[in-house]
Undergrad: 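Just passing along the structure, written as structure tokens.
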Amino acid sequence: GELRMNQFEKTKLLLGLEIDDTSKDSLIELLLEQARDEFLQYTNRDEVPETANNVVIEMAVVKYNLLGTEGLQSQSYSGASEEYANYSPQLIKALNRYRKVKML
């Protein structure tokens, strides 16, 4: 079969971690989970489309890089926008592409 990296492996690679370095595995699992939740919340979807996997990975990478600078973040953002304030405009744009209008 073809060799395809999963979301988890891609994330490790982007973070500059060796695939067999397991020291951060739990953390990465957690960040991916948070990123998935945020993605679903933001886009009003029930699941992450295959094509959006890289968006979720990118979100997780941002979260990882923010660890330790969290305390320095200004808390001037209000409510929900705060979570997304750290994402690049490109990432927000990608998120918006997957956003579904909520049906009332």
Side-chain angles (χ1 to χ4, degrees):
E2 57 180 309
L3 188 68
R4 281 195 59 204
M5 269 189 291
N6 63 28
Q7 216 174 18
F8 184 70
E9 291 166 337
K10 282 184 184 173
T11 307
K12 285 181 85 160
L13 219 61
L14 286 169
L15 293 173
L17 299 167
E18 297 292 331
I19 295 297
D20 53 13
D21 172 2
T22 56
S23 62
K24 302 260 190 338
D25 281 11
S26 317
L27 176 62
I28 293 168
E29 288 282 5
L30 179 66
L31 293 172
L32 274 170
E33 199 178 305
Q34 289 178 342
R36 264 195 297 272
D37 288 349
E38 263 178 46
F39 177 92
L40 297 176
Q41 196 184 334
Y42 187 92
T43 57
N44 302 314
R45 290 173 176 270
D46 300 322
E47 51 187 64
V48 178
E50 187 73 22
T51 51
N53 273 336
N54 286 336
V55 177
V56 172
I57 289 172
E58 228 176 298
M59 290 165 77
V61 168
V62 171
K63 289 177 167 307
Y64 183 93
N65 291 328
L66 280 171
L67 293 172
T69 58
E70 291 277 70
L72 308 173
Q73 294 292 313
S74 85
Q75 296 303 311
S76 59
Y77 305 110
S78 60
S81 62
E82 189 178 331
E83 284 175 64
Y84 306 105
N86 299 312
Y87 298 132
S88 68
Q90 295 94 309
L91 193 48
I92 296 288
K93 214 156 136 186
L95 275 169
N96 285 334
R97 276 207 300 275
Y98 289 102
R99 204 166 197 175
K100 278 183 166 173
V101 180
K102 253 199 184 110
M103 295 301 171
L104 295 175

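Along the sequence shown, the residues carry numbers beginning at 1.
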Undergrad: Give me the atom names and distance for the closest heavy-atom approach of A35 to V56.
TA: CB-O, 3.6 Å

Undergrad: Do you know which of L15, L13, L14 makes side chain to side chain contact (heavy atoms under 4.5 Å, CB included) with T11?
TA: L15

Undergrad: With no hydrogens and no angle check, just 3.5 Å: does a side-chain donor-acceptor pair link Y98 and T51?
TA: yes

Undergrad: Same cluster or not: are F39 and L30 linked, directly or through other Ile, Leu, Val, Met, Phe, Trp or Tyr residues, by side-chain heavy atoms under 4.5 angstrom apart?
TA: no

Undergrad: Please report the interatomic distance CZ(F8) to CD(E29), rounded to the nearest 0.5 Å.
TA: 4.5 Å

Undergrad: Could you tell me whether N96 atom CG has more than 12 heavy atoms of other residues or ligands within 6.0 Å of it?
TA: yes

Undergrad: First locate atom CD1 of I57, then atom CD1 of I28, and finally report the distance between them rounded to the nearest 0.5 Å.
TA: 11.0 Å

Undergrad: Side-chain contact, heavy-atom cut-off 4.5 Å: Y87 with E38?
TA: yes

Undergrad: List the steps and the verdict of side chain to side chain contact (heavy atoms under 4.5 Å, CB included) for V48 and R45.
TA: CA-CA 7 Å; V48 178; R45 290 173 176 270; over 6 Å; no

Undergrad: Output the distance between atom CG (L17) and atom OH (Y64), rounded to the nearest 0.5 Å.
TA: 5.0 Å

Undergrad: Y42 ring centre to R99 NZ or CZ under 6.0 Å, with the angle to the axis within 45°?
TA: yes

Undergrad: Got a second to check how far N65's CG is from N86's CG, nearest 0.5 Å?
TA: 10.5 Å

Undergrad: Any side-chain to backbone donor/acceptor pair from N44 onto K100? Under 3.5 Å, distance only.
TA: yes

Undergrad: Do M59 and L32 come within less than 4.5 Å of each other through their side chains, counting heavy atoms only?
TA: no

Undergrad: Are side-chain heavy atoms of R36 and Q7 found at a separation under 4.5 Å?
TA: yes

Undergrad: How many angstroms lie between atom NZ of K12 and atom CG of D25, to the nearest 0.5 angstrom?
TA: 3.5 Å

Undergrad: Could you measure the distance from the CG atom of L67 to the NZ atom of K24? Nearest 0.5 Å is fine.
TA: 10.0 Å

